[in-house]
Amino acid sequence: MLEIRTPKTGKAKRVLEKRAPKLVETGKKTLILHGTKTSATVSSVLMELYRLKKGGAIKYSRRNENIRPFESGGETSLEFFSQKTDCSIFVYGSHTKKRPDNLVLGRMYDHQVYDLIEVGIENFKSLLSFSYDKKFAPHEGTKPFICFTGEGFENVPELKHLKEVLTDLFRGEVVDNLNLTGLDRAYVCSAISPTKVFLTHCALKLKRSGTIVPRMELVEVGPSMDLVIRRNRLPNESLMKEAMRTSKDKPKKKEKNVDQDAVRGKIGKIYMPDQKLGEMHLPDKSKGLKRERKESKKLQEETDSKKKKKSSE
Amino acid sequence: METETDQIYHLDVGNLLGFNPNHRFPSAPSSREELVKECLEESRKLVQAIANALFNFTSTETNDGPIVQLPPPTTKLPREKHVPRPKPPTKWEEFALKKGIQKRKKDKVVWDEQTDQFKRRHGYDRVNDDNDVPIIEAKATDEPGEDPFAKRLDEKKKRVGKQQKNRLQNLKAAEKAGALPSHVQLAATSLPISGTKSQPKKIGKDELGDVAGLAATSTASGGKFDKKLPGEKAPKKQGKHHKYLPVVAGRGAVNPEKEQTNNVLSKIFSKHSHEILNVGKAINMYNVKKEKKKSGRSDKSGRSDKSGRSDKLKPKKDITKKPANKAK
């Protein structure tokens with residue numbers, strides 16, 4: 001016995017429609033949570049990341065004991081939360097003896113884990129420890145510049161993966177129109193070694209220069225940390241293909257049987273199947289044929305009358 | 001974009017992303033501050049490059065500032081959710097396609113012949129309202145006792161029910177294709193007991209466990225050799241719960257079974273045995289039993305008033321069934 005359930009309020013309906021899969025997607029929401037044990041650095045990293053992504057992030061404050069992203073059974077809670085909050089990127093922080101100050105960045109496709117990357121945090125400097133002129137503090141929700149430096153990002157596969165995940169994390173919404181006065185932050189990621197990435201958040205200072213383009217200057221404001229690559233899990237091929245598929249990717253089907261000619265224009269050939277005339281059934285002669293005869297008679301009469309008129313004129 | 005040092009940056013202006021693949025950091029870092037400075041300087045160059053491209057776009061002036069049209073991003077990132085799947089056509093849509101029926105736009109307001117004014121098509125005070133017909137003329141095919149108004153109501157109910165059924169079938173087909181509309185959920189419900197409007201009672205955890213246990217042991221081997229599902233608990237002790245005391249006593253130990261029976265007997269024969277055994281009740285029970293036996297014997301000849309039940313309520317004995325084979 002199936003029952004059709006529809007939302008009873010307009011608000012509920014709008015929420016459901018927001019969460020439905022769309023052709024062109026808006027920004028991904030981030031879920032920030034932590035495991036059984038967190039150190040001071042991990043908890044402050046998670047807090048500051050939440051502040052940086054204020055509009056599009058949800059932070060859970062309770063500890064989650066049964067989440068183990070890299071184990072096969074430990075992802076069910078994450079998938080449930082992703083479904084509940086409609087988030088497709090998550091940041092999971094934890095601290096163990098084996099993996100101190102651990103951060104797992106992961107992405108979801110259709111609320112199933114798509115890929116994971118695990119980094120360790122070193123040399124963390126919090127937002128509050130930076131002193132700068134408050135005029136230049138970046139506003140909330142502005143679109144950031146993202147800069148990657150270093151050949152590691154191209155040569156080392158783990159760093160390549162990290163680059164993709166960080167782009168996804170910091171990107172925010174994809175917009176068509178950008179207000180040039182609203183450019184005030186930049187994320188700086190540099191591959192200082194094949195396993196380490198230096199990440200920091202800077203405010204932008206636009207200084208007057210001779211041309212239309214102002215001179216850009218970076219002032220370090222936000223948290224800065226060193227990320228040490230630990231483990232990663234790439235998505236499997238079929239899932240990756242499906243997730244990377246966009247609506248414009250459909251291969252252009254070659255129109256068969258159509259020819260363009262300069263003399264005749266667009267021509268096509270019509271292939272008629274063999275009309276087995278011997279086996280054809282004749283149509284039902286009763287009313288249709290009578291009607292046809294009447295109509296043809298009428299036409300004849302009309303043409304005759306026209307001819308008469310013409311001849312009379 | 002090439003700089004003087006002939007470095008090519010990979011720029012993705014749509015994402016405000018810049019990548020410099022050619023910079024090599026010294027493997028032995030000079031000092032932390034030097035390293036940070038170097039990173040910031042390199043990134044500054046990247047940001048400048050992106051800004052060069054951005055500010056050179058044609059901008060439209062608004063109150064908030066110059067607005068620029070961003071190009072679409074070039075880095076390919078995975079989607080969040082699947083591409084929306086096409087909905088399979090409904091039964092009506094298939095039929096309309098086959099017959100070549102076009103959709104016609106209907107007006108909200110229709111001219112009503114009877115009252116010579118415009119009335120709305122649906123809703124309060126509508127055109128051709130089914131409930132408003134004053135007179136229904138009798139046809140030759142009508143039966144005398146039938147109420148035509150009630151008949152109309154019935155037909156409407158049937159039509160509505162048919163429509164609901166068709167809607168459900170269409171949604172099921174859409175769900176199968178993975179294209180259920182976002183605001184609709186198909187939920188499995190249990191049928192209510194006919195005649196009652198009560199909600200089916202929700203089964204608790206313990207009850208479910210009991211039922212699961214019953215189901216598990218109802219196999220030919222009593223559920224002994226079945227694979228256990230993850231999370232399934234071992235069954236509670238099944239069968240009769242007896243504690244059999246050992247008959248033969250151990251060395252020096254008291255015979256426990258003998259002890260037990262002795263205790264029971266001593267309690268009955270003791271001075272205060274009237275407190276344990278309710279003699280009055282025992283006598284009453286004995287008497288009632290005796291009387292029933294007597295009345296049972298006299299009942300074979302005629303009906304007795306002492307038995308309160310009438311023959312109609314007693315389960316009738318099936319004479320076709322043969323009596324069970326008694327032990328020979």
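Here is the naming used below: chain letters follow the sequence lines, and residue numbers restart at 1 for every chain. The basis for the numbers below is simple: all heavy atoms, side chains too, and nothing from hydrogens, waters or symmetry mates.
Ranked by heavy-atom pairs under 4.5 Å with chain A, the list B:Ile67, B:Leu46, B:Val184, B:Val68 is led by B:Val68. Options A:Thr211, A:Thr181, A:Ile212, A:Asp176 differ in how many heavy-atom pairs under 4.5 Å they form with chain B, and the most are formed by A:Asp176. Comparing A:Arg19, A:Glu164, A:Glu25 by heavy-atom pairs within less than 4.5 Å of chain B, the highest count is held by A:Glu25. Counting heavy-atom pairs closer than 4.5 Å to chain B, the top residue among A:Lys13, A:Lys28, A:Glu17, A:Glu217 is A:Lys28. Contact count versus chain A (heavy atoms, under 4.5 Å) is highest, among B:Val47, B:Leu186, B:Thr75, for B:Val47. Top candidate by heavy-atom pairs under 4.5 Å with chain A, chosen from B:Glu80, B:His183, B:Gln164, B:Arg24, is B:Glu80. Counting heavy-atom pairs under 4.5 Å between each of A:Val174, A:Val175, A:Asp168 and chain B puts A:Asp168 at the top. Between chain B and the residues A:Ser224, A:Pro144, A:Ala12, the largest count of heavy-atom pairs under 4.5 Å involves A:Pro144. Contact tally against chain A (heavy-atom pairs below 4.5 Å) for B:Ala51, B:Ala187, B:Gly65: the top residue is B:Ala187. Contact tally against chain A (heavy-atom pairs below 4.5 Å) for B:Pro181, B:Ala188, B:Ser182, B:Pro71: the top residue is B:Ser182. Between chain B and the residues A:Ile192, A:Leu204, A:Leu183, A:Thr6, the most heavy-atom pairs under 4.5 angstrom are made by A:Ile192.
Contact annotation for B:Leu171: only side-chain heavy atoms (C-beta onward) come within less than 4.5 Å of a heavy atom of chain A. Neither the backbone nor the side chain of A:Leu239 comes within contact range of chain B; no heavy atoms are under 4.5 Å apart. Of the atoms belonging to A:Tyr114, it is side-chain heavy atoms, and not backbone ones, that fall under 4.5 Å from chain B. With a 4.5 angstrom heavy-atom cutoff, A:Lys22 touches chain B only via backbone atoms. Using a 4.5 Å cut-off between heavy atoms, A:Pro194 makes no contact with chain B at all. Heavy atoms closer than 4.5 Å to chain B are found in the backbone of A:Ala191, but not in its side chain. Heavy-atom distances place the side chain of A:Phe198, and not its backbone, under 4.5 Å from chain B. Neither the backbone nor the side chain of A:Ser193 comes within contact range of chain B; no heavy atoms are under 4.5 Å apart. Contacts of A:Asp115 with chain B are absent, with no heavy-atom separation under 4.5 Å from either backbone or side chain. Contacts of B:Pro73 with chain A are made by side-chain atoms alone, with heavy-atom separations under 4.5 Å and no backbone atom involved. Using a 4.5 Å cut-off between heavy atoms, A:Val15 makes no contact with chain B at all. Both the backbone and the side chain of A:Arg215 come within contact range of chain B, with heavy atoms under 4.5 Å apart.
Identified by a heavy-atom distance below 4.5 Å to chain B, the contributing residues of residues 71-91 of chain A are A:Asp86, A:Ser88, in residue-number order.
At least one donor-acceptor pair under 3.5 Å links the side chain of B:Gln48 to the backbone N or O of A:Pro214. Not one N or O on the side chain of B:Arg126 forms a donor-acceptor pair closer than 3.5 Å with the backbone of B:Lys119. A donor-acceptor contact shorter than 3.5 Å links the side chain of B:Asn56 to the backbone of B:Asn52.
Identified under the side chain to side chain donor-acceptor pair (under 3.5 Å) test for residues 84-107 of chain B, with sequence neighbours left out: none. Residues in residues 58-71 of chain B take part in no side chain to side chain donor-acceptor pair (under 3.5 Å) pair, two or more places apart or across chains.
Summarising the local packing, CD of B:Gln185 is surrounded by 12 or fewer heavy atoms from other residues, nucleotides or ligands at distances under 6.0 Å. For B:Ile203, the CD1 atom sits in a loose shell: 12 or fewer heavy atoms of surrounding residues, nucleotides or ligands are nearer than 6.0 Å. Applying the 6.0 Å contact sphere to CD of A:Glu3 captures more than 12 heavy atoms from other residues, nucleotides or ligands.
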inquiry  = Run B:Leu11 and B:Leu17 through side chain to side chain contact (heavy atoms under 4.5 Å, CB included) and show every step you take.
reply    = CA-CA 6 Å; B:Leu11 295 181; B:Leu17 178 77; over 6 Å; no
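Taking CG from B:Leu40 and CG from A:Leu218, the interatomic distance works out to 6.0 Å, rounded to the nearest 0.5 Å. To the nearest 0.5 Å, the span separating CE on A:Met216 from CZ on A:Phe145 amounts to 4.0 Å. In this structure, the separation between CD1 on B:Ile50 and OH on B:Tyr9 is 10.5 Å, given to the nearest 0.5 Å. The CG atom of A:Asn123 sits 4.5 Å away from the CZ atom of B:Arg32 when rounded to the nearest 0.5 Å.
Summarising the geometry of B:Leu70 relative to B:Gly14, their closest heavy-atom pair is CD1-O, 4.0 Å, with the distance given to 0.1 Å. The shortest heavy-atom contact between A:Leu127 and A:Gly222 is CD2-CA, 3.4 Å.
By the side chain to side chain donor-acceptor pair (under 3.5 Å) test, A:Thr200 is found to be paired with A:Glu220, residues two or more places apart in sequence or in another chain being considered.
Between B:His10 and B:Phe19, the angle of the ring planes lies from 30° to 60°, which puts this pair in the tilted group.
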